[in-house]
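Please read these numbers as outputs of a predicted model, since none were measured by experiment.
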Amino acid sequence: MPKSRIRKKADDYTPPSSKKATSIKLTNRSWVAPVMLAMFLIGLAWIVVFYVTDGKLPIDPLGNWNIVVGFGFIAAGFGVSTQWK
């Protein structure tokens, strides 16, 4: 069986220049966990208060939209949680 030919590789490859490693400055994200938990608890409390008071509280004119407001707080908590490192 014949052997395959060996091809010469082009020598025009130049390796990338070495750069100094840049330090990544991590910002202080100590506010994320308390805000996230606060949003979760406010949303949960909003929904619980709405059900316990038969829709009279927290804001009577909103009616059943109070549930949406409560879930909005919970969704905001999930949004804040994306900043946690």
Sorted by chain and number, sequence neighbours left out, side chain to side chain contact (heavy atoms under 4.5 Å, CB included) with Ile74 holds for Phe40, Ile47, Phe71, Phe78
Output for pair (Ile42 CD1, Leu37 CG), nearest 0.5 Å, gives 11.0 Å
Q) Linking I/L/V/M/F/W/Y whenever their side-chain heavy atoms sit closer than 4.5 Å, directly or via other members, would Ile67 and Trp65 fall into one cluster? A) yes
By ring-ring contact (aromatic ring centres under 6.0 Å, His included), Phe50 pairs with (sequence neighbours left out) none
Taken to the nearest 0.5 Å, the spacing of Leu41 CG from Met36 CE works out to 10.0 Å
**Prompt:** Among the clusters formed by ILVMFWY side chains lying less than 4.5 Å apart, do Phe73 and Val68 turn up in the same one?
**Reply:** yes
- Query: When clusters are formed by joining ILVMFWY residues with side-chain heavy atoms under 4.5 Å apart, either directly or through shared neighbours, do Val69 and Met39 land in the same one?
  - Reply: yes
Under a 3.5 Å distance rule, please check whether Trp46 uses its side chain to pair with a backbone N or O of Asn66 as donor and acceptor. yes
